[in-house]
Amino acid sequence: MHEQILIVDFGSQFTQLIARRIRELNIYCEIHPYNKVPEITDQTKGIILSGSPSSCTAPNAPVADIDWMNLQIPVLGLCYGAQFLVASNGGKVEKSTHREYGRANITITENDSLFQGIDNGSQVWMSHGDTILEMPENTQILAKTDTIPVAAYRFVGKEIYAVQFHPEVSHSLDGKLLLANFTKSICGCVGDWTP
């Protein structure tokens with residue numbers, strides 16, 4: 001059995017693209033719906049939480065019933081995944097006054113392995129209608145943009161990361177490198193799998 005990355009799907013239009021990017025890094029991955037997350041095995045090296053068309057502030061927002069803070073493997077939340085981790089750990093997320101959609105440039109505020117080799121000002125793709133207003137305790141902001149103060153963050157002392165943008169799309173110019181940093185540097189994947 002190969003090492004794998006588990007993708008938890010909250011209904012994003014880009015979930016298949018996340019899987020494609022991971023497989024392009026020669027890493028086996030599986031997509032599972034948020035309400036049917038499989039058992040985490042020794043082969044599971046990391047988890048990626050997808051985006052979603054839903055708002056995490058909605059009463060019927062998709063929720064994966066997992067104790068994320070006590071997992072023994074790295075987690076990366078993308079867009080909705082980032083908001084979900086904030087909202088479910090004591091932070092505050094609210095509907096934006098305007099939907100942020102399109103290109104943005106990140107300012108990296110902390111030197112972290114997630115952004116290794118990525119230039120300050122790198123272009124990313126935003127597509128979200130919610131805004132992170134208050135961060136949970138024990139978090140560190142890693143990047144921001146001109147319009148949002150939290151473009152990326154991590155939980156201090158844990159390998160739980162999140163980005164407000166979509167690294168899986170080609171408009172995020174260093175997105176594949178960010179995914180490689182997560183899967184290879186942080187999760188420790190070797191990348192020896194091929195279709």
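Just so you know, these numbers use all the heavy atoms, side chains as well, and skip hydrogens, waters and symmetry mates. Residue numbers run from 1 in the order of the sequence given.
Checked against Ile5 for a side chain to side chain contact (heavy atoms under 4.5 Å, CB included), the options Leu25, Leu76, Ile48 give a single hit: Ile48.
Looking at Leu178 and Phe165, their side chains come closer than 4.5 Å, going by heavy atoms from C-beta outward. Using a 4.5 Å cut-off on side-chain heavy atoms (C-beta onward), Met135 and Val150 make contact. Side-chain atoms of Met69 and Lys158, non-hydrogen and from C-beta on, do get closer than 4.5 Å to each other. Annotation: side chain of Pro167 is not in contact with side chain of Lys176 (no heavy-atom distance under 4.5 Å). The shortest side-chain heavy-atom distance between Tyr80 and Asp130 does not fall under the 4.5 Å cut-off. Ile108 has its side chain out of reach of Leu142: every pair of non-hydrogen atoms, C-beta onward, lies at least 4.5 Å apart. Inter-residue side-chain proximity for Gln123 and Ile106 is flagged as unmet; no heavy-atom pair is nearer than 4.5 Å. Side-chain contact check for Cys79 versus Gln164: some heavy-atom pair is nearer than 4.5 Å.
The cluster map of Ile, Leu, Val, Met, Phe, Trp and Tyr, joined by side-chain heavy atoms under 4.5 Å apart, puts Ile27 and Ile40 in different clusters. Both Leu114 and Met126 belong to a single network of hydrophobic side chains, linked directly or stepwise wherever heavy atoms of I, L, V, M, F, W or Y lie under 4.5 Å apart. Following chains of ILVMFWY side-chain contacts shorter than 4.5 Å, one can reach Leu78 starting from Phe182, so the two form part of one hydrophobic cluster. No continuous path of hydrophobic side-chain contacts links Ile47 to Ile186 [ILVMFWY only; heavy atoms under 4.5 Å]. Transitive grouping of hydrophobic side chains (ILVMFWY, heavy atoms separated by less than 4.5 Å) brings Ile118 and Val124 into a common cluster.
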Checklist line | Pair Ile22-Leu179, side chain to side chain contact (heavy atoms under 4.5 Å, CB included): steps then yes or no | finding: CA-CA 7 Å; Ile22 300 305; Leu179 292 172; 4.3 Å; yes

Next item on the list: Could you give me the CA-CA distance, side-chain angles and deciding distance for Thr107 and Thr145, then say whether side chain to side chain contact (heavy atoms under 4.5 Å, CB included) is met?
Entry: CA-CA 6 Å; Thr107 300; Thr145 70; over 6 Å; no

Margin query: Pair Trp193, Arg23 - check side chain to side chain contact (heavy atoms under 4.5 Å, CB included), show working.
Written below: CA-CA 8 Å; Trp193 176 84; Arg23 291 170 185 153; 3.6 Å; yes

Note to self: Run the side chain to side chain contact (heavy atoms under 4.5 Å, CB included) test on Leu49 and Leu85 for me, step by step, so that the C-alpha distance in whole Å, both residues' side-chain angles and the decisive distance to 0.1 Å come before the verdict.
What the structure shows: CA-CA 9 Å; Leu49 308 179; Leu85 288 170; 3.9 Å; yes

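Of the possible polar contacts, none joining the Ser122 side chain to the Leu173 backbone as a donor-acceptor pair under 3.5 Å is found. Side-chain N or O atoms of Gln140 include none that pairs as donor or acceptor with a backbone N or O of Phe155 at under 3.5 Å. A distance-only check finds a donor-acceptor pair linking the side chain of Ser52 to the backbone of Ser54 [under 3.5 Å]. Looking at Gln16, its side chain never comes within 3.5 Å of a backbone N or O of Phe14 through a donor-acceptor pair. Here the side chain of Thr41 pairs a donor or acceptor atom with the backbone of Gln43 at under 3.5 angstrom. Between the side chain of Gln13 and the main chain of Gly51, no donor-acceptor pair closer than 3.5 Å is present.
Here Asn60 contributes atom CG and Ser55 contributes atom OG; the two are 9.5 Å apart, rounded to the nearest 0.5 Å. From Ser50, atom OG reaches atom CZ of Phe10 across 6.5 Å, with rounding to the nearest 0.5 Å. One distance of note links CZ of Arg154 with CG of Asn138; it measures 11.5 Å at 0.5 Å rounding. Summarising the geometry, atom CD1 belonging to Ile18 is positioned 13.5 Å from atom CZ belonging to Arg20; distances are rounded to the nearest 0.5 Å. For the atom pair OG1 of Thr139 and CD1 of Ile132, the computed distance is 9.5 Å after rounding to the nearest 0.5 Å. The distance from atom CD of Gln116 to atom CG of Leu177, rounded to the nearest 0.5 Å, is 8.0 Å.
Using bins of under 30°, 30° to 60° and over 60° for the plane-to-plane angle, the ring pair Phe84/Trp68 lands in the perpendicular bin.
Nearest approach of Thr183 to Cys187, heavy atoms of both residues: O-CB, 3.1 Å. Shortest non-hydrogen contact noted between Pro53 and Gly11 is CD-O, 3.2 Å. Of all heavy-atom pairs spanning Glu110 and Ile141, the tightest one is CG-O, 3.3 Å. The two residues Arg21 and Ser170 come nearest to each other via the heavy atoms NH2-N, 4.2 Å.
Separation of the Tyr161 and Tyr153 ring centroids does not fall under the 6.0 Å cut-off.
The number of heavy atoms from other shown groups lying within 6.0 Å of NZ (Lys184) is above 12. Other residues, nucleotides and ligands place no more than 12 heavy atoms under 6.0 Å from the CG atom of Asp146.
Residue Leu133 is found outside any hydrophobic cluster, as its side-chain heavy atoms come under 4.5 Å of no other Ile, Leu, Val, Met, Phe, Trp or Tyr.
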Side-chain polar contacts of residues 29-39 - donor-acceptor pairs under 3.5 angstrom, sequence neighbours left out - could you list them?
from	atom 1	to	atom 2	distance (Å)
Glu30	OE1	His32	NE2	2.9
Glu30	OE2	Tyr28	OH	2.7

